[in-house]
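Numbering of ligands and ligand atoms starts at 1, following listing order.
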Amino acid sequence: MIDPARVPRHIAIIMDGNGRWAKQQGEHRIVGHANGVPAVREALQGCSGLGVEYLTLYAFSTENWNRPQSEVNALMDLLVNTVVKELDELDQNSVRLNAIGDLESLPESCRETLREAMARTAGNSRITLTLALSYSARWELVQAARTLATAAAAGTIAPEGIDEDRVSASLCTAGMPDPELLIRTSGEQRISNFLLWQIAYAELWFTSVLWPDFRKEHLFQAILDFQNRERRFGLISEQVTPG
Ligand code: IPE
Ligand code: IPE
Ligand code: MG
């Protein structure tokens, strides 16, 4: 049984396997992406019901721009249509929508839809749903380095004043707790340039389930597994659980 007192505050998910799911069905890859939407709903409802405060989903990486143009276009359309379609329900469920990444690189229609959805849900407090779009951790770290270097060059901060908190505050995730649990579907066991700084001590959970097949029960399995792990943070077992 999941211990409600020890549920992660922040869960991050690398939603992977849409293309393979579609292939198995003899469908075009984009059908797989479209069928990933119900899985997003399940993950969100599952997290929200358990009191998870932040859910961060890797939806489109910097590297994904290099996919065939038709797939990129279809993904952008799907994003806009899904946000438009789901917005009322998100708002009713007190979901605050957030987006991180190089948002400037998204088509204007996406940016506009995201801006409106974020503004409308800004006051919601049950759960923050963050979509990582045109995101990569290395891109984010370069941005942070530039921000800090600019401040140092302007004399606003001293180089020795740059500490872990300052770096964290210069990332797209400023103000959020680091994810304690990172889930990746589809059997791949890699990070693919996601939240490199923030997952320094996250527990990683991999499943062979393809993203369109992901349901609440898989989320609950991941959280149960998380709760059965000993998070030592460099200490020895006896220090973490005395006696
Ligand atoms: C994840 O599914 C969604 C995105 C990266 C946008 P994929 O499209 O990567 O699916 P596979 O890995 O090819 O099966
Ligand atoms: C990672 O999946 C990016 C997203 C889920 C958005 P990819 O399918 O792009 O990752 P690789 O290429 O297998 O590492
Ligand atoms: Mg993939």
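Judged by distance alone, the side chains of Arg138 and Thr62 never bring a donor and an acceptor atom under 3.5 Å apart.
Contact check on Arg9 versus Glu180 returns no salt bridge, with no Lys/Arg side-chain nitrogen under 4.0 Å from an Asp/Glu carboxylate oxygen.
Shown here are the protein N/O/S atoms lying under 2.8 Å from the Mg ion (ligand 3), water excluded: Asp16 OD1.
Near Arg190, with a cut-off below 4.0 Å to any heavy atom, the atoms of ligand 2 are 11 (P), 13 (O), 14 (O).
Around the CD atom of Glu164, the shell of radius 6.0 Å holds no more than 12 heavy atoms that belong to other residues, nucleotides or ligands.
Nearest approach of Ser170 to Ala144, heavy atoms of both residues: O-CB, 3.7 Å. Of all the heavy atoms in Thr241 and Glu230, the pair that sits closest is OG1-OE2, 3.3 Å.
No donor-acceptor distance shorter than 3.5 angstrom exists from the side chain of Asn64 to the backbone of Phe60, with no hydrogens or angles considered. Here the side chain of Tyr58 pairs a donor or acceptor atom with the backbone of Tyr135 at under 3.5 angstrom.
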Mind running side-chain hydrogen bond (donor to acceptor under 3.5 Å, both in side chains) on Asn35 and Trp21 for me, showing each step along the way? CA-CA 9 Å; Asn35 277 278; Trp21 186 92; over 6 Å; no
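Each of Leu87 and Val95 belongs to its own hydrophobic cluster when Ile, Leu, Val, Met, Phe, Trp and Tyr are linked at side-chain heavy-atom distances under 4.5 angstrom.
Contact residues for ligand 1 (protein heavy atom closer than 4.0 angstrom to any ligand atom): Met15, Asp16, Gly17, Asn18, Gly19, Arg20, Arg29, His33, Ala59, Asn64, Arg67, Leu75.
Screening Asp102, Asn193, Leu141, Val142 for a side chain to side chain contact (heavy atoms under 4.5 Å, CB included) involving Ser136 leaves a single residue, Asn193.
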